[in-house]
Amino acid sequence: MNARETNAGNPQADVIIAAALRLRRQIPGDLHEHIVEAIYGQAARIVDRAVSRPGKAARPTFDRTLDRIVTSRLAGFPIMLLVFALMFWLTITGANVPSALIASLLIDQANPWPRDLAIAVGSPWWLTGLVVDGMYLGAAWVVSVMLPPMAIFFPLFTLLEDFGYLPRVAFNLDRPFKASGAHGKQAMTMMMGFGCNAAGVVAARIIDSPRERLIAILTNNFALCNGRWPTQILIATVFLGALVPPSLAGFASAAAVTGVAMLGVLLTFVVGWGLSRTVLRGEVSTFSLELPPYRPPMIWQTLYTSLISRTLFVLWRAVVFALPAGAVIWLVANIHFAGDSLAGHFIRIVDPAGALIGLNGVILLAYVIAIPANEIVIPTVLMLTVAVAGVKGVGAGAGVMFELESTSAVRDLLTAGGWTTLTAVNLMLFSLLHNPCSTTLYTIYKETGSAKWTAVSALLPLAMGFLVCGSVAWVWRLVA
Amino acid sequence: MNTAFTILAALTVLAVVCWPRQGLLARRREARDLAARARREDTLKHILKCEAVGRVATLDSIAGALQITTSEAAELLDELESRDLLTFESGPLRLRPAGREMGLHVVRAHRLWESYLAEQTGVAEDEWHSRAEKKEHLLTPEQTQALSARLGHPMRDPHGDAIPAADGALENDHDHSLNSVAPETPVLITHLEDEPETVYRQLAAIGLRPGMRAFVIEKSAARIRFWADGNEHILAPVLAQNVTIRPLPEFQTADLIDEEFLSGLPAGRSAHVVGLSPACRGPERRRLLDLGFVPGTLVEVELTSPAGDPTAYRVRGSVVALRREQASLIRVSSREGVA
């Protein structure tokens with residue numbers, strides 16, 4: 001139309017345009033489709049003429065055989081379970097020793113050193129507290145809890161990915177994901193989420209369909225991340241393991257933690273189903289999944305890249321967020337006004353609300369100031385409980401996070417802080433169902449470029465957490 | 001103190017209600033204006049569509065189309081006449097040039113918006129029409145033109161209706177319905193009437209799309225049994241009336257029946273791609289083309305997921321998994337010598 005206007009006065013152009021319009025009407029179907037198909041067809045012909053593949057089978061028999069096995073009806077799922085169970089076992093048991101080593105290095109041995117230095121240069125007590133007890137300790141804690149499992153889990157994950165096994169997992173698991181409106185590749189982002197939600201959100205890039213990718217990002221938080229496993233294991237051991245005879249304690253607590261993780265998987269599907277039928281209706285959705293050829297993994301290169309691109313990337317962001325969090329933790333415990341610390345005031349105000357949903361004020365405050373990293377929830381809870389309940393003889397002073405050696409000591413301290421079995425159960429549920437850590441939120445914002453989706457990903461699990469904890473508390477009180 | 005508070009409260013309420021453009025009153029007026037404009041435009045659209053198929057719009061047909069009473073329809077016509085959009089003094093209703101232009105714009109905006117929803121969003125097919133019914137009154141001619149340019153000036157909407165040019169005319173090419181063809185005559189489905197919507201939903205639900213090939217197997221006064229792209233369907237003639245077709249003289253019914261789809265191919269077999277079904281549109285279609293499912297390509301069934309779906313295919317040296325619904329949109333031919 002525009003062309004006709006600009007060519008006004010040129011009769012020949014008018015004739016040509018009219019002829020073009022007439023001819024276009026004679027082409028059946030969509031003109032653009034024809035052009036695209038012609039381009040692809042031409043490209044294929046050029047490739048066939050120009051590229052020769054001498055003496056190479058179209059697809060190696062090894063690949064075929066392996067594919068038959070790992071996607072077979074009989075062996076497909078058992079192999080998958082075995083591989084992932086092995087991976088988690090390696091991560092959890094393998095991380096214990098280096099975690100303790102780093103903790104003793106950074107926290108027990110190295111902590112006095114910057115403190116002495118600070119005192120030596122004559123810094124006032126509050127500066128020493130803020131920088132050493134707050135910021136340094138917060139960051140050191142995150143590093144010691146986070147680094148070892150990630151340094152084991154991510155390379156293992158990358159090795160499987162490089163080898164080509166993970167796309168086969170997506171292939172095997174696509175059916176259930178499809179039922180919830182998601183993509184089979186979400187199995188991979190979920191797995192990654194068990195390591196770290198921020199990494200899981202980044203991994204959602206592999207899903208090229210916009211709607212399915214958003215589902216994967218928004219539900220990644222329901223994969224219980226590495227920062228929350230220790231909380232689950234500790235609370236389950238201390239409170240739930242104690243409910244049954246000692247011979248069954250280990251089994252009961254393991255079953256409780258697995259139950260919470262499975263609940264997370266179930267919610268991933270439920271929430272995905274809900275999202276795809278409500279807010280995500282109308283987003284573009286296409287499916288495709290490439291099964292690349294198997295490749296021998298390049299171990300050293302994999303170790304290097306997964307350490308640099310995943311582990312250090314996540315760790316760096318976590319440390320950046322943990323520094324101010326450490327400062328805040330120290331400050332709320334040490335700024336006093338009207339006869340109490342900031343933490344004390346806050347806990348007193350929110351305690352009734354916390355009690356209503358079967359938690360308490362200390363836990364709520366811990367979850368507010370531990371937004372930067374789930375790893376520091378338990379140390380913060382312990383520190384605040386000591387401060388609020390006025391327990392003598394434990395802890396390292398106001399605003400200084402610590403951990404206890406024995407589970408019975410943890411139990412005694414938390415019981416003194418008013419904890420019951422209900423509190424423990426609800427803490428485990430709330431640990432699964434609350435806003436993602438700030439690292440993950442920031443990553444979600446970077447990946448989606450949308451404040452709206454970031455808000456949804458924070459508020460949706462939080463609302464679910466309040467709802468679930470409230471319901472459990474209500475039923476609990478009804479029954480007990 | 002109390003008085004001051006009361007005054008403040010009263011002022012707040014007043015502001016919320018009366019604020020220009022944002023207040024409750026202004027918003028209500030705006031909504032009412034829009035509804036009135038929508039009614040006027042729908043009337044013009046109805047008259048234009050009647051004209052295109054050679055019928056004459058009447059007071060009753062307008063009342064029926066807009067679901068209003070005849071007296072309301074009469075009022076509406078009076079208003080349209082006073083705006084110089086139509087005339088009915090000399091007998092039948094006639095559109096004035098301004099009214100014709102407005103009606104044409106609405107039809108154009110509607111069909112372009114449906115194309116947009118089909119090509120560039122994931123909005124479900126049964127929502128296209130109702131969404132476009134609202135959007136057609138909100139798009140300005142400039143926005144409509146920009147939309148057309150963005151979509152590459154499509155000629156037809158996803159239902160097969162021609163999209164009129166801004167200065168063109170509404171054409172009618174829906175002469176032959178499925179009812180009008182003799183059994184065993186290959187035809188191409190060119191259009192599914194999207195009004196009334198309940199009928200369209202039934203047609204779409206059984207999987208009919210413009211661009212499908214079909215032939216009637218048998219028909220009686222009560223029902224019509226036909227084949228369309230691999231499946232047999234039965235429709236009442238009143239529904240079949242809304243399926244527009246064009247004969248395909250270059251085909252035999254045997255050619256049609258021989259058509260195969262990738263989803264029907266057993267494991268280990270291979271076939272050449274013939275083309276993508278017209279039901280495969282927008283991003284989905286581009287994705288399949290990207291993956292190499294272009295006419296002439298050899299595809300081999302490689303693996304099936306333990307859950308039965310998806311299935312992996314080898315195409316151009318790489319292995320790609322597709323879900324069953326996608327594979328059922330790819331026409332293939334396993335006969336030799338067809339490429």
Side-chain angles (χ1 to χ4, degrees), chain A residues 1-2 4 21 24-25 27-33 35-41 43-45 47 53 58-59 63-64 67-68 70-77 80 167-168 170-176 178 184 208-211 276 280-293, chain B residues 117 119-124 127 131 145 148-149 151-156 162 165-167 188 190 210-211 246 275-276 278 281-297 300 302-312 314 316-323 325-326:
Chain A
M1 312 298 131
N2 291 334
R4 197 180 304 176
L21 279 174
R24 187 178 165 190
R25 274 173 211 279
I27 300 170
D30 189 296
L31 177 66
H32 297 262
E33 300 290 333
I35 295 175
V36 170
E37 281 180 13
I39 290 173
Y40 277 103
R45 272 192 297 281
V47 168
R53 305 179 187 81
R59 190 165 139 79
D63 278 29
R64 271 178 201 243
D67 264 347
R68 292 273 141 77
V70 298
T71 67
S72 73
R73 261 171 207 276
L74 215 61
F77 290 113
M80 221 160 61
R168 272 72 184 179
F171 181 65
N172 286 349
L173 289 177
D174 184 61
R175 192 70 181 270
K178 178 184 162 189
D208 49 17
S209 171
R211 187 179 75 185
S276 62
L280 291 180
R281 249 167 83 210
E283 293 280 338
V284 173
S285 159
T286 63
F287 175 86
S288 70
L289 170 64
E290 200 174 329
L291 302 179
Chain B
L117 292 177
E119 296 299 333
Q120 303 202 346
T121 74
V123 172
E127 288 181 41
R131 286 192 184 213
Q145 184 59 28
S148 176
L151 296 171
H153 299 290
M155 307 292 286
R156 292 186 179 276
D167 52 356
L188 181 75
T190 56
R246 176 166 69 80
L276 300 180
R281 312 186 58 96
E284 174 87 69
R285 190 179 189 100
R286 287 192 289 276
R287 186 82 196 125
L288 288 179
L289 289 174
D290 280 344
L291 292 171
F293 291 94
V294 288
T297 306
E300 187 185 341
E302 189 78 30
L303 283 172
T304 306
S305 164
D309 188 31
T311 301
R314 189 153 61 81
R316 293 192 185 280
S318 57
V319 180
V320 173
L322 295 181
R323 289 176 175 169
E325 310 86 80
Q326 292 175 299

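Only a predicted model underlies this, so the values are computations on that prediction, with no experimental measurement involved. The figures that follow rest on heavy atoms only: side chains count, while hydrogens, waters and symmetry mates do not. Letters go in sequence order (proteins before strands), and every chain restarts at 1.
- Heavy atoms of A:Arg281 lying under 4.5 Å from chain B belong exclusively to its side chain.
- Annotation for B:Pro154 and B:Ser148: closest pair CD-O, 3.8 Å, computed over non-hydrogen atoms.
- With a threshold of 4.5 angstrom between heavy atoms, B:Thr311 approaches chain A through N, CA, C or O but not through any side-chain atom.
- For chain A, the nearby part of B:Glu127 is the side chain; its heavy atoms alone come within less than 4.5 Å.
- Interface remark: of the candidates A:Phe77, A:Phe287, A:Tyr40, A:Phe287 forms the most heavy-atom pairs closer than 4.5 Å to chain B.
- Residues A:Arg168 and A:Met80 have side chains not in contact (no heavy-atom distance under 4.5 Å, counting atoms from C-beta outward).
- Side-chain contact check for B:Ser305 versus A:Arg73: every heavy-atom pair is 4.5 Å or farther apart.
- Contact of the A:Val47 side chain with the B:Arg316 side chain is not registered, since no non-hydrogen atoms from C-beta on lie closer than 4.5 Å.
- Looking at B:Leu291, only its side chain comes within 4.5 Å of chain A, counting heavy atoms on both sides.
- In terms of non-hydrogen atom pairs under 4.5 Å with chain B, the most contact-rich of A:Ser288, A:Pro176, A:Gly76 is A:Ser288.
- No donor-acceptor contact under 3.5 angstrom links the side chains of A:Ser276 and A:Arg211, judged on distance only.
- Using a 4.5 Å cut-off between heavy atoms, B:Thr297 does not touch chain A at all.
- Of the listed residues (B:Gln326, B:Arg287, B:Arg323), the greatest number of heavy-atom pairs within a distance under 4.5 Å of chain A belongs to B:Arg323.
- Between chain A and the options B:Arg131, B:Arg285, B:Glu284, heavy-atom pairs under 4.5 Å are most frequent for B:Arg285.
- Taking A:Lys178, A:Glu290, A:Arg68 one by one and counting their heavy-atom pairs under 4.5 Å with chain B, the maximum is reached by A:Lys178.
- For B:Asp290, the salt bridge (charged side-chain N to carboxylate O under 4.0 Å, His left out) criterion is met by no residue, not counting sequence neighbours.
- Within the 3.5 Å criterion, the main-chain N or O of B:Glu325 finds no donor-acceptor partner in the side chain of B:Asp309.
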